[in-house]
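Worksheet for the structure shown next.
These figures come from a predicted structure and were not determined experimentally. In the text below, chain A, chain B and the rest are named by the order of the sequence lines, each starting its count at 1.
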There are 2 protein chains.
Amino acid sequence: MTTVNRPGAPDGHVCGIDTAMEVIGGKWKVLILWALHERPHRRFGELRRLLPGVTEKVLASHLREMEADGIVRRVSYDEVPPRVEYSLTEDGRRLNDALEPLAAWGRERSAAGRRGLPAG
Amino acid sequence: MTTVNRPGAPDGHVCGIDTAMEVIGGKWKVLILWALHERPHRRFGELRRLLPGVTEKVLASHLREMEADGIVRRVSYDEVPPRVEYSLTEDGRRLNDALEPLAAWGRERSAAGRRGLPAG
DNA sequence: GTGGGTGGTTACCTCCGGGTGAGCGTGCAC
DNA sequence: GTGCACGCTCACCCGGAGGTAACCACCCAC
C-alpha cells in the first residue's frame, strides 16, 4: 500500500519515509508495535484484547505482514491449547524508537487540544 | 482515517502515534511534507510536478486537509493567472522533524536491501 | 454432548480513498 | 474565436483494506 511509483530511487521510494510508511501502513500496526513495546511476548488473544475493535482476521494478517517485514517475531509452542507469542525483532525495536518523536508530536498536539483546527 | 475507537484517551487515541498517523495518513502527504521541507513556498503546479502520479483532485484535497490540520499554510495571491503558495507552518516543520528518525529507519532498511524479506 | 478457550482460516461484503476525466473563470497570445 | 496556463471543483468509478461471520482442530469442565 501507499506505493508511489516515482523515479529517483531504485525501489521507487523518495526519501525513506514511504519505505517506513509501507511497513506501518496498516490500520492497527502502530498500535501492535506499541503493545509489543510496552511488554514483549504478547499472545494473540492478549493483543486482541488490547486493540478493541480489531478482528481476528485483520490482527492475524497484520501480524503476518509485520513478521514478513522482519519487525515482529512469531514463536509458536506446540501445546494444547495452542500458544503463540509475538515479540519485536531488533529491527522492530528500532522502528519503535524511530516512532517516538512522532508519538511525542502527536501527544503535544492532543495536549494542545487541536484536532483539526487551524494552527495559530 | 485510521481512527481507532478506543477508550483510555479522551479523543480515542492511544499513544499519540495514531494522532500523527491520522495527519500523515494520506497517500501523498509525507511526500508533500518532504517537498515543502526541501523548499518552502511551493506552488500547486510545482508540487504536482514533484509528485508524479498525483492527480489535481487528490493533491488539492490533501493540501486542504493538511491546511485544516494546521501543518500547511496556504497563501492565495489575487492575480491572473491565479497564484497560490503553500508552505509549512511551525507545527508542520516540527512534524517533519519528528519524521526524520522514521526516514532514517527507512533509508537504513532500503540500504540493507530488505524489501519484505524476513529479518535475519 | 454442550460450551468455552486456544489461534487461527475462509468466503463473502462494505466502504471510502484515491483515480479518471471533464469543466470553470480569467487574461494573454495567436 | 480558439487555445493555453493556472488552480482548482465536480461527478463518477474502481480496487483493496478492512469488517462480518462461519468454521476448524484440540482439550477441558460441566
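With respect to the salt-bridge test (charged N to carboxylate O, under 4.0 angstrom), the residues B:Glu56 and B:Arg48 qualify. Ion pairing between a basic and an acidic side chain is recognised when a charged N comes within 4.0 Å of a carboxylate O; A:Glu85 and A:Arg74 show no such pairing. The pair B:Arg109-A:Asp91 meets the salt-bridge criterion, since a charged nitrogen lies less than 4.0 angstrom from a carboxylate oxygen. A salt bridge links B:Arg39 to B:Glu46: at least one charged side-chain nitrogen sits closer than 4.0 Å to a carboxylate oxygen.
Annotation: cation-pi geometry satisfied between A:Arg83 and A:Tyr77 (NZ/CZ under 6.0 angstrom from ring centroid, within 45° of ring axis).
The nucleotide whose nearest atom lies closest to any side-chain atom of B:Phe44 is, among D:dG18, C:dG18, D:dC8, D:dC8. Among the nucleotides C:dT6, D:dG18, D:dT9, the one closest to the side chain of A:Pro82 is C:dT6. Out of D:dC8, D:dG19, C:dT9, the shortest distance to the side chain of A:Val58 is found at D:dG19. With distances taken from any side-chain atom of B:Lys57 to the nucleotides D:dA11, D:dG19, C:dG5, the minimum falls on D:dA11. Considering only side-chain atoms of B:Val80, the nucleotide from C:dG18, C:dG27, D:dG19 that sits closest is C:dG27.
Using a 4.0 Å heavy-atom criterion, one finds that A:Arg43 contacts the sugar-phosphate atoms exclusively. Counting non-hydrogen atoms under 4.0 angstrom, B:Tyr86 reaches the backbone sugars and phosphates but no base.
The nearest whole Å value for the distance from the CZ atom in A:Arg83 to the P atom in C:dG7 is 9 Å. Following rounding to the nearest Å, B:Glu46 (CD) and D:dC8 (P) show an atom-to-atom distance of 13 Å. In this structure, A:Arg49 atom CZ and C:dG5 atom P are separated by 10 Å, rounded to whole Å. If you take CE of A:Met21 and P of C:dG18, they are 10 Å apart, rounded to a whole angstrom. To the nearest angstrom, P of D:dC6 lies 13 Å from CG of B:Leu47.
A sub-4.0 Å separation between OP1 or OP2 of C:dG8 and a side-chain N or O of A:Arg48 is absent. Put simply, A:Arg64 has a side-chain N or O that comes within less than 4.0 Å of OP1 or OP2 on C:dG8. For A:Arg74 and C:dG8, the shortest distance from a side-chain N or O to OP1 or OP2 is below 4.0 Å.
Taking the nucleotide of DNA chain D with the nearest heavy atom to each of B:Pro81 and A:Val54, the more 5' of the two is matched to B:Pro81. Positionally, the nearest nucleotide of DNA chain C for A:Gly45 lies more toward the 5' end than for the other of B:Thr55 and A:Gly45.
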